[in-house]
Number of protein chains: 2
Amino acid sequence: MNRSPHSRAAAPSPTFSPLYRQIKDLILKSLEAGEWQPGDAIPSESELAVRFNVSQGTVRKAIDEMAAENLLVRRQGKGTFVATHSDPRSFFRFLRLVPNEGELLPSKSVPLECGRARAGADVARMLGLEPGAPIIIMRRLLKLGEEAVVFDEIYLPGELFQDLSLDILRQSEKSLYDLFESRYGVRMIRAEERLRAVAAEGVAAELLHVEEGSPLLLVERVAFTYGNKPVEWRRGFYATRDFHYFNELA
Amino acid sequence: MNRSPHSRAAAPSPTFSPLYRQIKDLILKSLEAGEWQPGDAIPSESELAVRFNVSQGTVRKAIDEMAAENLLVRRQGKGTFVATHSDPRSFFRFLRLVPNEGELLPSKSVPLECGRARAGADVARMLGLEPGAPIIIMRRLLKLGEEAVVFDEIYLPGELFQDLSLDILRQSEKSLYDLFESRYGVRMIRAEERLRAVAAEGVAAELLHVEEGSPLLLVERVAFTYGNKPVEWRRGFYATRDFHYFNELA
DNA sequence: TTATATCTTTTATAAGACAAAAGACGGAAC
DNA sequence: GTTCCGTCTTTTGTCTTATAAAAGATATAA
């Protein structure tokens with residue numbers, strides 16, 4: 001390890017990086033390698049300090065950054081835990097849809113189709129695959145309360161989700177990302193969304209119970225796992241009569 | 001000041017707050033009071049440490065949080081500066097609109113109307129005013145490159161923007177928030193946006209050169225200044241044929 | 001005049017000492 | 001036997017001190 005600047009003598013380290021950032025990379029690597037499972041506690045700050053031969057404060061600063069990135073969750077007196085999609089309070093939500101008025105309703109995912117195909121140029125580009133690589137295409141409806149609000153088309157790299165099928169989707173009680181995490185070990189860390197207004201047509205109009213040509217919110221999402229690797233591309237049509245997309249600019 | 005826990009003896013301090021958070025509040029107060037102007041450097045960490053009689057590290061932690069909230073900007077070796085809308089790289093952008101392809105185009109604001117009125121129930125609620133309080137209503141077009149992309153209706157509390165007029169808007173070269181900051185001392189810190197897809201109608205359709213009934217992205221925004229005080233309500237119609245709303249979920 | 005050290009001021013990093021929070025455990029009270 | 005309450009241990013959180021790196025300004029030498 002590059003233990004500069006304090007102990008450096010001859011090697012000015014061409015790619016200098018402060019100690020806490022090196023520690024962060026090491027912890028990240030362990031996380032990525034699955035040394036600690038989602039929801040588990042990682043070793044205490046002082047244990048890690050001994051293991052890496054640095055002070056507790058330095059480990060702390062590394063963990064600080066990872067907590068800010070929602071990779072870890074701290075709880076005073078208890079420990080530091082690997083963030084998980086199975087715990088809604090611990091992992092941030094990706095769904096930004098809220099009702100125009102009233103309380104947040106329980107959401108329910110209704111899988112419609114799930115099949116295998118080969119990546120076309122667009123999907124390949126979005127997922128960083130070769131054109132023709134095996135992919136999974138899934139369609140589903142998202143209901144909030146009794147109302148069908150979102151129609152999603154979801155594209156996944158086939159290699160990472162070997163046995164994913166309509167049956168498995170139907171049997172799962174969990175959220176999609178929770179399933180991906182627990183069954184396939186694929187953890188969604190961050191995502192980028194691109195929003196447009198489009199006219200409803202075909203299946204989407206029908207499933208969402210809106211007129212052909214009426215306005216829908218189109219949300220395209222690329223979700224990334226560790227190392228900024230894209231592992232999901234999704235196109236969602238949102239009916240925004242009773243709900244809206246909420247965003248905080250901070 | 002509540003200097004616990006280190007120096008506390010008798011007073012367990014019913015509303016305990018760590019030292020660095022108290023320091024943060026003090027710095028915030030100075031900022032709010034205008035002790036340092038946007039773009040100016042604030043005193044160095046060691047100066048502030050002397051002033052508040054704490055260590056540099058404690059001041060540092062206070063400033064860390066404020067930098068994370070985009071209130072201050074640090075530059076190693078130079079100092080810490082008050083964020084300003086006049087410096088695009090220093091202050092975060094509120095405009096999330098990017099071209100579907102190609103480079104980010106220069107944007108130009110075209111003011112259409114600016115008049116005074118009394119707050120109706122909705123505006124009053126959004127801006128935290130009494131119904132009937134004086135407000136300013138402004139309409140404008142936002143062009144990206146040559147194309148008219150956004151039609152905005154903007155509502156402001158009349159009290160804070162005394163002499164704002166169409167003339168002033170027309171003469172200003174700056175962005176709207178830069179003008180608000182430099183001329184009226186009102187700094188937008190954060191904002192909440194609510195997005196929907198709607199059908200184009202009337203003036204909006206005409207100005208944005210789209211068919212009546214074609215889909216538009218409706219973006220409603222409440223912008224806040226210090227102390228979470230709402231000071232702008234805005235309703236924007238976005239034409240999303242060549243542009244989209246970009247959002248990062250982190 | 002131009003390049004190059006050197007000094008000063010600033011933020012950034014690292015380590016160490018100690019406090020607060022949360023539970024676990026064990027003994028006293030009932 | 002069960003409940004309550006202190007005490008001990010383990011964990012994250014706070015605060016200070018010392019020192020390094022970054023950026024300019026200033027002086028110096030070619």
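None of these values were measured; they are calculated from a predicted model. Here is how names work: the chains are called A, B, and so on, in the same order as the sequence lines, proteins then strands, and each is numbered from 1.
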Residue pair B:Val186, B:Val231: steps toward the side chain to side chain contact (heavy atoms under 4.5 Å, CB included) verdict: CA-CA 8 Å; B:Val186 177; B:Val231 284; 4.0 Å; yes

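For the 3.5 Å distance criterion, the side chains of B:Ser86 and B:Lys174 fail to qualify, holding no donor opposite an acceptor. For the residue pair A:Lys143/A:Ser107, the side-chain donor-acceptor check at 3.5 Å is not satisfied. Defined by atom type and a distance below 3.5 Å, a donor-acceptor pair is present between the side-chain atoms of B:Glu181 and B:Thr84.
In B:Arg93, the CZ atom is not crowded: 12 or fewer heavy atoms of neighbouring residues, nucleotides or ligands sit closer than 6.0 Å.
Per the geometry, CD belonging to B:Gln22 stands 18 Å off P belonging to D:dG13, to the nearest Å. For the pair A:Ile23 CD1 and C:dT13 C1', the interatomic distance rounds to 13 Å; values are reported in whole Å. If you take CZ of A:Phe52 and C1' of C:dA14, they are 16 Å apart, rounded to a whole angstrom. For the pair B:Leu48 CG and C:dA12 P, the computed distance is 14 Å after rounding to whole Å. Remark: C1' of C:dA19 and CZ of B:Arg21 are 16 Å apart, rounded to the nearest angstrom. Atom-to-atom, CD of B:Gln56 to C1' of C:dT10 comes out at 10 Å; the value is rounded to the nearest Å. Atom OH of B:Tyr20 is separated from atom C1' of D:dT12 by 12 Å (rounded to the nearest Å).
In the set D:dT12, D:dC15, C:dA15, the nucleotide with an atom closest to the side chain of B:Pro18 is D:dC15. Set against C:dA15, C:dT11, D:dT16, the side chain of A:Leu19 has C:dA15 as its closest nucleotide.
Looking at B:Leu104 and B:Leu144, their side chains never come closer than 4.5 Å, going by heavy atoms from C-beta outward.
Taking a 4.0 Å limit (strictly below) on heavy-atom distances, residues 59-70 of chain B reaches DNA chain C at B:Arg60. Proximity of residues 29-45 of chain B to DNA chain C (heavy atom under 4.0 angstrom from any strand atom) is restricted to B:Ser44, B:Glu45.
At least one side-chain nitrogen or oxygen of A:Thr58 sits closer than 4.0 Å to the OP1 or OP2 atom of C:dA15.
For the pair A:Arg190 and A:Phe224, the distance from NZ or CZ to the six-membered ring centre is under 6.0 Å and the angle to the ring normal is within 45 degrees. Geometrically, A:Arg187 does not engage A:Tyr226 in a cation-pi contact defined by less than 6.0 Å to the ring centre and at most 45° from the axis. Taking the ring axis of A:Phe81 as reference, the NZ or CZ atom of A:Arg75 stays within 45° of it and closer than 6.0 Å to the ring centre.
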Just the table, please: protein N/O against nucleotides 22-24 of chain D N/O, every pair under 3.5 Å.
{"residue": "D:dA22", "atom": "O4'", "partner": "B:Gln76", "partner atom": "NE2", "Å": "3.2"}

Tabulated below should be each protein N or O lying under 3.5 Å from an N or O of nucleotides 4-8 of chain C; please produce it.
none

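For the pair B:Gly57 and B:Glu47, nearest-nucleotide mapping onto DNA chain C gives the more 5' position to B:Glu47.
Not a single donor-acceptor pair under 3.5 Å links the side chain of B:Ser172 to the backbone N or O of B:Ile168. Side-chain atoms of B:Glu248 do not come within 3.5 Å of backbone N or O of A:Glu193 as any donor-acceptor pair.
The distance between the ring centers of B:Tyr177 and B:Phe94 falls below 6.0 angstrom.
Residues satisfying the side-chain contact (heavy atoms from CB on, under 4.5 Å) test with B:Arg235, not counting sequence neighbours, are B:Glu153, B:Tyr155, B:Leu218, B:Glu220, B:Trp233, B:Phe237.
Within 4.0 Å (heavy atoms only), A:Thr80 reaches sugar-phosphate atoms of the nucleic acid but no base atom.
The side chain to side chain donor-acceptor pair (under 3.5 Å) analysis of residues 57-66 of chain B, with sequence neighbours excluded, yields the pairs B:Arg21-B:Glu65, B:Lys24-B:Glu65, B:Glu45-B:Arg60, B:Ser55-B:Thr58, B:Asp64-B:Arg74.
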